[in-house]
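Below: one structure, written as structure tokens.
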Amino acid sequence: MSGRVPAFVAVLALFASVPLAAQEVTLRAVSGFPENTTYVTRFQGWIAKVNAEGKGVLQINFIGGPKAIPTFEVGNAARTGVVDMVLSTGAFYTNLMPEADALKLAQMSIAEQRKNGAFGLINKIWNEKANMYYLGRVCEDQEFHLYLNKKIEKPDLTGLKIRVTPVYRDFFQALGATVMTTAPGEVYTALERGVVDGYGWPIHGIFDLNWHEKTKYRVDPGFYNVEVSVVMNLDAWKKLSAAQRQYLQKQMLAFEAKNKEWRQISNEETKRQAASGIQTIRFDAATSKQYLARASEVAWANVIKASPQYGPQLRKLFTR
Ligand code: 173
């Protein structure tokens, strides 16, 4: 054999190294939240920006909300690569890994998590256990609340049936509640039919799905740190070129920078709830302190029990 490389091999080699970087890729995205929620409208706004600025590099095709993939199946869709990208909260995919629900326990911003090692640990776990790449967090700095249609005087939910997701399940059960897990899309009907006496939800969003019509009380204080994030199928992430990854990361940091708007959104929502006639049930200072301590204790105990391997590490990096 001569030492010369046949022409067609040289051409193939050239194609193998160049076109991947130059080709535009389109990622298919879904959301675990219904389409008319603010989480999704903000996500769609971000996608529009990614697409406008990403011509020739990367595009995102938003397929839809739970009508496309049911809420509690979005994690699996991201894991298997049925879709490339998902907007979700960890509570929607605890079926894949119990650690998913620990993101609500972070006491610091996502910007700080990127610096203190928490972000790296999240990615290690998400890669290993769910074949996911954790891209970034797009909701923070707001709290979850208990909403009720029956008045309570103290944190005792004995005799009450409360709609939950894994976010609230252990805490409300510890307070004596009977719980029923539903996707957000089923809460209105459950309230309307009187199947539940209340539900867990963030301070923001109850008007998006008309739940204010069926809600009498909000219990203060709020607890945990509301988490909504964007994750990707790990193989889809790995297939991106360096330039595409950098582009997506840059756009995600821009999206995270908008998280500072959540504080204002929460303040407005609190006022709007009062204006629509929702009364606040407030515990006294000592009871509030116990209530919050209980929320945190119960949640961490369960994360650590379910994940003796990573629970303690997450707790260390998520606690101030
Ligand atoms: O459905 C839920 O109550 C829930 O788990 C959740 C999590 C983050 C934001 C909004 C809702």
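When reading the values below, keep in mind they use all heavy atoms of this one structure, side chains included, and skip hydrogens, waters and symmetry mates. Numbering of ligands and ligand atoms starts at 1, following listing order.
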For ligand 1, find each of its N or O atoms that sits under 3.5 Å from a protein N or O atom, and tabulate the pairs with distances to one decimal place.
unit_1: ligand 1; atom_1: 1 (O); unit_2: Arg163; atom_2: NH2; d: 2.9
unit_1: ligand 1; atom_1: 3 (O); unit_2: Arg163; atom_2: NH1; d: 2.8
unit_1: ligand 1; atom_1: 3 (O); unit_2: Tyr168; atom_2: OH; d: 2.5
unit_1: ligand 1; atom_1: 5 (O); unit_2: Thr165; atom_2: OG1; d: 2.8

Review point. Between Arg42 and Trp262, is NZ or CZ placed under 6.0 angstrom from the six-membered ring centre and within 45° of the ring axis?
Key: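 Yes, Arg42 lies over the aromatic ring of Trp262.
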Review point. Between Arg272 and Phe207, is NZ or CZ placed under 6.0 angstrom from the six-membered ring centre and within 45° of the ring axis?
Key: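 Yes, Arg272 sits over the ring of Phe207.
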Of all residues at least two apart in sequence or in a different chain, which pass the side-chain hydrogen bond (donor to acceptor under 3.5 Å, both in side chains) check with [X]?
X	answer
Arg263	Asp141
Tyr310	Lys124, Glu128
Glu192	none

Check your understanding: Given the rule in the ring pair (Phe, Tyr, Trp, His ring centres under 6.0 Å) test, do Phe92 and Phe33 qualify, once you have shown the distances and angles that lead to the verdict?
Key -> CA-CA 10 Å; Phe92 296 162; Phe33 292 97; 5.0 Å; yes
